Asks: 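Take a look at this one; I'll ask things after.
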Amino acid sequence: SLSRHDAREWPVEKAVPVMADTGHHPMTPDESTLLQSLLRTTPTAALATLHRGEPAVSMVPFALLSGGEGLVVHVSRLATHTQDMLDHPGVALLVTGTMATGDSPLALPRVSIQGHARPCPVDAPGHAQAREAYLAKLPDAEPLFGFGDFSLFVIEPESLRFVAGFGRAMAFKAERLRAVLAGSTA
């Protein structure tokens with residue numbers, strides 16, 4: 001059997017398969033609506049970062065920029081994930097639907113988004129739009145904008161893995177996400 005040490009010596013492409021676009025198969029209208037709903041209404045996501053060379057996961061509230069070109073998080077400098085994003089901007093977010101009575105956890109709708117996090121300081125061109133999107137979804141967060149240690153980051157998606165339910169999974173690039181959010185089943 002392989003140990004954790006053995007796996008660290010493998011080249012990344014062998015240890016972690018690269019997720020390719022599964023082709024340009026259109027989503028059903030229901031799948032498109034489900035993806036839009038997950039991203040527009042779910043208030044929190046699991047944020048995966050690299051912390052001191054090891055994977056780390058935390059929870060962050062998030063909002064979607066209007067054109068789907070990014071997801072906005074508002075984080076404290078005191079949180080380790082903030083420094084992690086500055087040190088290693090490659091991150092992932094997992095947004096999961098809620099459990100309905102009797103549903104299997106394997107059937108939960110979810111989307112995993114891989115992308116790059118970039119700071120969005122107050123003087124950045126997109127700051128007003130990012131702040132507006134965040135507060136439109138999470139209005140109770142308004143007081144946190146007065147705290148000096150909180151700042152916005154925009155996570156720019158590169159690829160996604162969307163599971164619409166058991167056995168209904170698809171992988172695609174960020175361009176396709178923007179098309180779906182614009183109303184196309186792409």
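Just so it is clear, the values below take in all heavy atoms, side chains as well, and ignore hydrogens, waters and symmetry mates. From a predicted model like this one, the values you see are computed outputs, not experimental measurements.
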Asks: Using every non-hydrogen atom in the two residues, find where Cys120 and His127 come nearest and quote the distance to one decimal.
Replies: O-CD2, 3.0 Å

Asks: Check side-chain hydrogen bond (donor to acceptor under 3.5 Å, both in side chains) between Thr33 and all other residues, then give those that pass, not counting sequence neighbours.
Replies: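 Here no residue qualifies.
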
Asks: So, for Gly97 and Leu38, which heavy atoms are closest and what is the spacing to 0.1 Å?
Replies: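 Reported closest heavy-atom pair: N-CD2, 3.5 Å.
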
Asks: Provide the closest heavy-atom pair for Pro157 versus Gly70 in the form atom of the first, atom of the second, distance.
Replies: CD-CA, 3.8 Å

Asks: Are Leu108 and Met99 side-chain neighbours, meaning at least one heavy-atom pair lies under 4.5 Å?
Replies: yes

Asks: Any idea which heavy atoms bring Ala45 and Val95 closest together, and the distance?
Replies: CB-CG2, 3.8 Å

Asks: Check step by step if side chain to side chain contact (heavy atoms under 4.5 Å, CB included) holds for Arg77 and Ser151.
Replies: CA-CA 8 Å; Arg77 252 193 331 265; Ser151 60; 5.8 Å; no

Asks: Is there a side chain to side chain contact (heavy atoms under 4.5 Å, CB included) between Val163 and Leu106? Walk through the geometry before answering.
Replies: CA-CA 9 Å; Val163 178; Leu106 296 175; over 6 Å; no

Asks: Begin from the C-alpha positions of Ile155 and Leu93 and carry the test side chain to side chain contact (heavy atoms under 4.5 Å, CB included) through to its verdict.
Replies: CA-CA 9 Å; Ile155 298 169; Leu93 286 172; 3.8 Å; yes

Asks: Are Leu71 and Val154 close enough that some pair of their side-chain heavy atoms sits under 4.5 Å apart?
Replies: no

Asks: NZ of Lys173 to CD of Glu158: how many Å apart, nearest 0.5 Å?
Replies: 8.0 Å

Asks: Any side-chain heavy atom of Thr98 sitting closer than 4.5 Å to one from Thr42?
Replies: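 Thr98 does not reach Thr42 side chain to side chain.
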
Asks: With a 3.5 Å cut-off and no angle check, do the side chains of Thr49 and His81 form a donor-acceptor pair?
Replies: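 No, no side-chain donor-acceptor pair sits under 3.5 Å.
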
Asks: Charged N to carboxylate O below 4.0 Å: is that the case for Arg178 and Glu69?
Replies: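 Salt bridge between Arg178 and Glu69, a charged N being under 4.0 Å from a carboxylate O: no.
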
Asks: Looking at side-chain heavy atoms only, is the closest gap between Asp140 and Leu138 below 4.5 Å?
Replies: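 No, side chains not in contact.
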
Asks: Quick one: does Leu181's side chain get under 4.5 Å of Leu64's, heavy atoms only?
Replies: yes

Asks: Should Pro61 and Val73 count as side-chain neighbours, where that means a heavy-atom distance under 4.5 Å?
Replies: no

Asks: Can you give me the closest heavy-atom contact between Ser76 and Thr82, atom names plus distance?
Replies: O-OG1, 2.6 Å

Asks: Examine Ile113 and Val57 and state if one hydrophobic cluster contains both, with Ile, Leu, Val, Met, Phe, Trp and Tyr joined whenever side-chain heavy atoms are less than 4.5 Å apart.
Replies: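 No, because Ile113 and Val57 fall into different hydrophobic clusters, even though each may have its own neighbours under 4.5 Å.
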
Asks: Going by the ring-ring contact (aromatic ring centres under 6.0 Å, His included) test, name the single residue among Tyr134, Phe153, Phe62 that passes it with His74.
Replies: Tyr134

Asks: Are Leu94 and Leu50 linked, directly or through intermediate hydrophobic residues, by side-chain heavy-atom contacts shorter than 4.5 Å (ILVMFWY only)?
Replies: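 Different clusters: Leu50 never reaches Leu94 through Ile, Leu, Val, Met, Phe, Trp or Tyr contacts under 4.5 Å.
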
Asks: Output yes when Lys137 and Glu132 qualify as a salt bridge under the 4.0 Å nitrogen-oxygen rule, no when they do not.
Replies: no

Asks: Rounded to the nearest 0.5 Å, what separates atom CD in Gln83 from atom CG in Leu78?
Replies: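 Taking CD in Gln83 and CG in Leu78, the distance rounds to 11.5 Å.
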
Asks: Which is it for Phe150 and Phe145 under the side chain to side chain contact (heavy atoms under 4.5 Å, CB included) test, yes or no, and what are the steps along the way?
Replies: CA-CA 7 Å; Phe150 272 79; Phe145 280 86; over 6 Å; no

Asks: What distance do Glu156 atom CD and Gln114 atom CD have between them, rounded to the nearest 0.5 Å?
Replies: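 Separation between the atoms: 14.5 Å.
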
Asks: Above 12 or not: heavy atoms from other molecules or residues under 6.0 Å from CZ of Phe166?
Replies: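 Result for CZ/Phe166: open.
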
Asks: Would you check if Met170 and Met27 make a side-chain contact, meaning some heavy-atom pair closer than 4.5 Å?
Replies: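 Met170 reaches Met27 side chain to side chain.
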
Asks: Quick check on the hydrophobic clustering: are Leu65 and Val111 connected, directly or via other members, by side-chain heavy-atom contacts under 4.5 Å?
Replies: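 Result: no, two separate clusters.
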
Asks: Test of understanding: clusters of I, L, V, M, F, W, Y form through side-chain heavy atoms closer than 4.5 Å, transitively. Do Met85 and Leu152 belong to the same one?
Replies: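 No; tracing contacts between hydrophobic side chains, which count when under 4.5 Å, never links both residues.
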
Asks: Would you mind checking if Glu31 and Arg168 are paired as a salt bridge, meaning a charged N to carboxylate O distance below 4.0 Å?
Replies: yes

Asks: Is there a path of hydrophobic side-chain contacts, each under 4.5 Å between heavy atoms of I/L/V/M/F/W/Y residues, joining Val75 to Val91?
Replies: yes

Asks: Give the minimum heavy-atom separation between Gln36 and Val180, together with the two atoms involved.
Replies: NE2-O, 2.9 Å

Asks: For the residue pair Glu54 and His51, establish whether any side-chain heavy-atom pair is separated by less than 4.5 Å.
Replies: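 Not touching, per the 4.5 Å side-chain cut-off.
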
